[in-house]
Amino acid sequence: MTKVLSAVAWPYANGPRHIGHVAGFGVPSDVFSRYMRMAGHDVLMVSGTDEHGTPILVAADKEGVSAKDLADKNNAVIVQDLVDLGLSYDLFTRTTTGNHYRVVQEMFETVHRNGYMVEKTTLAAISPSTGRTLPDRYIEGTCPICGYGEARGDQCDNCGNQLDPTDLKNPRSKINGEVPEFVETQHFFLDLPALANALGDWLDGREASGTWRPNVIKFSKNILEDIRERAMTRDIDWGIPIPLEGWREQPTKRLYVWFDAVIGYLSASIEWARRLGEPERWREWWNPAAEGEEPPLSYYFMGKDNITFHSQIWPAELLAYDGKGERGGAPGTFGLLELPTEVVSSEFMTMESRQFSTSRGHVILVGDMLSRYQPDALRYFISAAGPETSDSDFTWSDFVQRTNSELVAGWGNLVNRTATMIAKNFGEVPAAGPLEPVDQTVLDTVGAGFESVGDLIRRHRQRAAIAEAMRIVGEVNKYLTATEPYKMKDPDQRERLGTVLHVAAQCVLDCNTLLAPFLPFSSNQVWSAYGGKGEFMPMPRIEHVEDLDPDDGAGLGVYPIITGEYSSTPSWERRPVVVGTPVAKPTPIFTKLDPSVVEEERARLAGE
RNA sequence: GGGGCGGUAGCUCAGUCGGUCAGAGCAGAGGACUCAUAAUCCUUGGGUCGUGGGUUCGAGCCCCACCCGCCCUACCA
């Protein structure tokens, strides 16, 4: 049994999330985590909403509410969406908890003490009316090179040249149009150059493992070549205070949102352990294993826009904490912390050939999707056609197509026809007589799926994995056609009929196990349709809890978390059907979609 | 501008070290069957592998140039 940390990207709480987001980090991480639990590993799956930073403030201002109120509102929506999708977090929390503030500050203090947080004076754009940092992205003006009128502070979209905001002619804030002030300001910078060698060694080792997706490792090594110090604090009043004398008291100096967000993986693990009443348990996933013990593994799931933060910033923070850069140092109270085993990045999902855009209404929110369609239909589509190694396109016609011809007609129908024949002829799982070669062959084929499908999931090839599982489903359908149990009406054939249906039932339950990481909701329905007791795949739930450290966070009080009890997860292997288990004619598990939904949904998009 | 990824049958995509690699699924067409949500099963795939060069006995797979799409570019989470 290996300790496996599933570190899932933290959805940003400036609004509800769309299906492209959950296609990138949500479903893939859940499929992997559920499989790893089934394979007997000790999985800790953590995440939460990321709630600091300028975009939240901007969104809150626009709505005329406080940043915390906006975060509260969006956190609640996101939590509900993720539970409705069946994502099996051990803990889904937030970055505004007292626990998170404490952990982040401990990280900062130790990184600072080890010498990797250097103080520098820079010129920053400030919004005169609010005193907040205006990120380059939020400044626009006339490009000094080509004269383009709407160049951004960091880059001109017209001529492509990289710019410094101070170069812009007629600079103005994109937020409220005012002219930014450029003022000298003190900030802490993470000394990435002093960590570059250690980072390079780590990446070389990761590359040698051969397990990372090629584009992720390539990209990660590439950005290492031009590594620079990077500011880890901001002039902003929404964020975690800087835990140093003279800084803590300044209301407009806060830690950079990305410094704190990635630490969430660690703080959530600690919060999980504390809530369990075993406050040191998190160490099993984070500290090096004792002599002779299996080392913990960690997998980080995200979209490709986050690669930099997970293959550079976060490992650099860990190395700095561990004291493993050029300046040396020693770890703090957390002890030595392990770097990521794998950064598993997805590409982007587009919709009807265009990028998702919340502001333009070209979007399908998770909540809207789940209010009209089964969660497993979405999970199936994302698993089978998601942006695993290259961008992929969600279209309503593909969604209907995949749901109807693969989920309903392929898998759902196999479940249904087998159960119907058993119900009609026996009313319970019949005993098997002597097996013929055709019976043994299909049992072997299905049995081999545990190895082939499992191997593909372990290697993060989920599209291939679910395709392999569906191929096996097809083999079972072929078996029924070949054996023709529906023609065995003669009493002399009753034993043979029982044998075929017994074998078919075994295969259906095996396929159900193979598909369970992808389709947890329907796996429970199939399970009970075949007489199974209780829940097959455990599901997450929402709990409302008190902040553990009410004096240190953003003042959350009671907040919702996602958690669950997953120890009853079935193991990744054949479990023999029990002869005599009652089976009734089932109601169809998957809903077939009328082709008209394609037009309806497209109209809905156009209407928004 | 720099970096990266992709452009393979109507659609979605596989193609690891260059030599049965021109494939799979879906859609379409024909047939079989009837247990099943008109579901299932069988048969049916000649597409300049973005364009133009080059290397090689031989190239989707290597090199060069170009075209198209997408992502990143570090103070956008």
Side-chain angles (χ1 to χ4, degrees), chain A residues 9-14 50-56 58 95 122 124-125 133-139 145 152-156 159-162 164-165 187 192 214-216 218-219 222-223 225-236 256-258 260-262 302-309 312-313 347-348 350 353 355 384-385 388-393 395 397-398 401-402 404-406 408-410 412-425 463-464 467 470-471 474 476-482 484-488 501 504 585-592:
Chain A
W10 291 51
Y12 197 59
N14 63 340
D50 176 9
E51 305 181 5
H52 296 129
T54 309
I56 298 250
V58 173
T95 57
T122 60
T133 303
L134 215 41
D136 292 356
R137 171 75 182 279
Y138 285 112
I139 301 171
I145 297 167
R152 298 192 334 218
D154 53 347
Q155 170 187 338
C156 174
C159 66
N161 283 293
Q162 274 196 35
D164 189 287
H187 281 297
L192 288 164
N215 53 336
V216 179
K218 257 182 167 167
F219 182 82
N222 191 336
I223 56 177
E225 284 171 21
D226 186 25
I227 198 165
R228 294 181 209 171
E229 293 169 338
R230 201 166 158 155
M232 290 291 139
T233 53
R234 291 287 185 281
D235 292 293
I236 190 172
Y256 173 40
V257 61
W258 265 116
D260 94 71
V262 287
M302 74 214 67
K304 62 179 162 185
D305 53 333
N306 278 190
I307 294 175
T308 303
F309 301 97
Q312 182 169 97
I313 305 294
E347 304 293 301
F348 281 172
T350 53
S353 301
Q355 245 186 39
E388 192 168 278
T389 55
S390 61
D391 292 353
S392 74
D393 194 34
T395 65
S397 78
D398 276 357
Q401 186 74 258
R402 292 245 182 209
N404 287 350
S405 67
E406 298 177 28
V408 176
N413 182 49
L414 174 64
V415 170
N416 229 23
R417 66 195 297 213
T418 305
T420 302
M421 283 190 278
I422 291 174
K424 210 182 272 184
N425 291 290
R463 292 171 61 130
M470 292 304 282
R471 181 192 68 79
V476 183
N477 267 322
K478 288 188 177 89
Y479 169 75
L480 289 178
T481 301
E484 302 181 311
Y486 39 83
K487 286 186 179 171
M488 299 174 187
L501 292 181
K585 180 170 166 53
T587 51
I589 287 165
F590 298 104
T591 307
K592 186 164 182 170

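No hydrogens, no waters, no symmetry mates; every other heavy atom, side chains included, goes into these values. Source: prediction; values computed, not measured. Chain naming here is simple, since letters A, B, ... match the order of the sequence lines and numbering starts at 1 in each.
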Q: To the nearest 0.5 Å, tell me how far I313(A) CD1 sits from I223(A) CD1.
A: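 CD1 of I223(A) is found 8.0 Å from CD1 of I313(A).
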Q: Using a cut-off of 4.0 Å on non-hydrogen atoms, how would the nucleic acid contact of R471(A) be classed: base, sugar-phosphate, or nothing?
A: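 Nothing, no heavy atom under 4.0 Å.
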Q: Among all residues two or more places apart in sequence or in another chain, which pass the salt bridge (charged side-chain N to carboxylate O under 4.0 Å, His left out) test with R228(A)?
A: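 Applying salt bridge (charged side-chain N to carboxylate O under 4.0 Å, His left out) to R228(A) gives D226(A).
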Q: Mind checking whether T54(A) and V257(A) have side chains closer than 4.5 Å, heavy atoms only?
A: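 SC-SC contact between T54(A) and V257(A) ruled out.
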Q: Send over the distance from E229(A) CD to rC75(B) P, rounded to a whole Å.
A: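 The distance from CD of E229(A) to P of rC75(B) comes to 12 Å, rounded to the nearest Å.
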Q: Reading RNA chain B from 5' onward, which residue's closest nucleotide shows up sooner: T418(A) or P55(A)?
A: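 The residue whose closest nucleotide sits nearer the 5' end is T418(A).
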Q: Measure CD1/I307(A) against C1'/rG4(B) and give the value in whole Å, please.
A: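 Rounded to the whole Å, the gap is 9 Å.
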Q: Is any side-chain heavy atom of R230(A) less than 4.5 Å from a side-chain heavy atom of T308(A)?
A: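 R230(A) reaches T308(A) side chain to side chain.
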Q: Looking only at atom C1', what distance separates rG45(B) and rC35(B), rounded to whole Å?
A: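 So the two C1' atoms sit 31 Å from each other.
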Q: Any chance you could lay out the side-chain contact (heavy atoms from CB on, under 4.5 Å) test for T395(A) and Q401(A), step after step, and finish with the verdict?
A: CA-CA 10 Å; T395(A) 65; Q401(A) 186 74 258; over 6 Å; no
Q: Which value, in whole Å, describes the distance between the C1' atoms of nucleotides rG54(B) and rG69(B)?
A: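 Looking at atom C1' only, rG54(B) and rG69(B) are 26 Å apart.
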Q: Quantified in whole Å, what is the C1' atom distance between nucleotide rU55(B) and nucleotide rC62(B)?
A: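 Straight-line distance between the two C1' atoms is 8 Å.
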Q: Starting at atom OH of Y479(A), determine the distance to atom C1' of rC35(B), rounded to an integer number of angstrom.
A: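 Going from OH in Y479(A) over to C1' in rC35(B) covers 14 Å.
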Q: Could you check if the base of rG46(B) is syn or anti? Syn means the glycosidic torsion is within 90 degrees of 0.
A: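 Anti conformation for rG46(B).
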Q: Rounding to an integer number of angstrom, what distance separates rA29(B) and rG18(B) when you compare their P atoms?
A: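 Between the two P atoms, the distance is 42 Å.
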Q: How long is the line joining CG of D305(A) and P of rG4(B), in whole Å?
A: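 For the pair D305(A) CG and rG4(B) P, the rounded distance is 19 Å.
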Q: When the distance from CD of Q401(A) to C1' of rG10(B) is rounded to whole Å, what number comes out?
A: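 Distance, rounded to whole Å: 12 Å.
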Q: With K585(A), which residues qualify under salt bridge (charged side-chain N to carboxylate O under 4.0 Å, His left out), at least two apart?
A: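 Testing K585(A) for salt bridge (charged side-chain N to carboxylate O under 4.0 Å, His left out), a comparison that skips the adjacent residues, returns none.
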Q: What is the distance from CG of D391(A) to C1' of rG69(B), rounded to the nearest Å?
A: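 Result: 9 Å.
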Q: Name all residues meeting the salt bridge (charged side-chain N to carboxylate O under 4.0 Å, His left out) criterion together with R402(A); count only those two or more places apart in sequence or in a different chain, and write none if there are none.
A: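 Counting only residues at least two positions away or on another chain, R402(A) forms a salt bridge (charged side-chain N to carboxylate O under 4.0 Å, His left out) with E406(A).
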Q: Do Y256(A) and I236(A) have side chains that approach each other closer than 4.5 Å (heavy atoms only, starting at C-beta)?
A: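 A side-chain contact under 4.5 Å is absent here.
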Q: On RNA chain B, compare the nucleotides closest to L480(A) and E406(A); which residue's is nearer the 5' end?
A: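 Final value for this comparison: E406(A).
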Q: Which is true for T54(A) with a 4.0 Å heavy-atom rule: it touches a base, it touches only sugar-phosphate, or it touches nothing?
A: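 Here T54(A) touches the backbone only, sparing every base.
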Q: Which of these nucleotides, rC72(B), rU12(B), rC33(B), is closest to any side-chain atom of F348(A)?
A: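 Nearest to the side chain of F348(A) among the choices is rC72(B).
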Q: Taking the C1' atom in each of rU8(B) and rG1(B), what is the distance between them to the nearest angstrom?
A: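 It comes out at 32 Å once rounded to the nearest Å.
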Q: Using the P atom as the reference point in each nucleotide, state the distance between rC64(B) and rG4(B) in Å, no decimals.
A: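 Nearest-Å result for rC64(B) against rG4(B) at atom P: 11 Å.
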Q: Which whole number of Å gives the distance between the P atom of rU12(B) and that of rG50(B)?
A: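 It comes out at 15 Å once rounded to the nearest Å.
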Q: CZ of R463(A) versus C1' of rU12(B): gap in Å, rounded?
A: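 These atoms are roughly 7 Å apart.
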Q: At under 4.0 Å between heavy atoms, which parts of nucleotides 37-45 of chain B does protein reach? Answer with one letter per nucleotide, 5' to 3': B base, S sugar-phosphate only, - none.
A: B-SSSS---
Q: State which of rC33(B), rC75(B), rC35(B) makes the closest approach to the side chain of A231(A).
A: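 Selected nucleotide (nearest to the side chain): rC75(B).
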Q: Mind checking which stems touch RNA chain B? I mean at least 3 consecutive Watson-Crick or G-U pairs, both distances under 3.5 Å.
A: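 When the pairs of RNA chain B are grouped into runs of at least three, the stems are B:1-7 with B:67-73, B:10-13 with B:23-26, B:28-32 with B:40-44, B:50-54 with B:62-66.
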Q: Go through rC75(B), rC70(B), rC33(B) for me and flag the one nearest to the K304(A) side chain.
A: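 Looking only at heavy atoms from C-beta outward on K304(A), the closest nucleotide is rC70(B).
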Q: The side chain of F219(A) lies closest to which of these nucleotides: rU34(B), rC72(B), rG25(B)?
A: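 My answer, after comparing the listed nucleotides, is rC72(B).
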Q: Taking M421(A)'s backbone N and O only, do any of them form a donor-acceptor pair with N425(A)'s side chain (distance below 3.5 Å, no angle check)?
A: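 Checking the backbone N and O of M421(A) against the side chain of N425(A), a donor-acceptor pair under 3.5 Å is found.
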Q: Describe the nucleic acid contact of S392(A) in one word from base, sugar-phosphate, nothing, applying a heavy-atom distance below 4.0 Å.
A: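 Contact class for S392(A): sugar-phosphate only.
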Q: Does K478(A) have any salt bridge (charged side-chain N to carboxylate O under 4.0 Å, His left out) partners at least two apart in sequence or in another chain, and if so, which?
A: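 Salt bridge (charged side-chain N to carboxylate O under 4.0 Å, His left out) check on K478(A) returns E475(A).
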Q: How about V415(A) and F590(A): do any of their side-chain heavy atoms sit closer than 4.5 Å?
A: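 No. Closest side-chain heavy atoms not under 4.5 Å.
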Q: Given the C1' atoms of rC21(B) and rG47(B), what is the spacing between them in whole Å?
A: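 The answer is 14 Å between these two C1' atoms.
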Q: For a quick test of reading the model: is some side-chain N or O of R230(A) closer than 4.0 Å to OP1 or OP2 of rC75(B)?
A: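 Checking R230(A) against rC75(B): at least one side-chain N or O falls below 4.0 Å of OP1 or OP2.
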Q: Using whole Å, what does the distance between atom C1' of nucleotide rC33(B) and atom CE of M488(A) come to?
A: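 It works out to 14 Å between those atoms.
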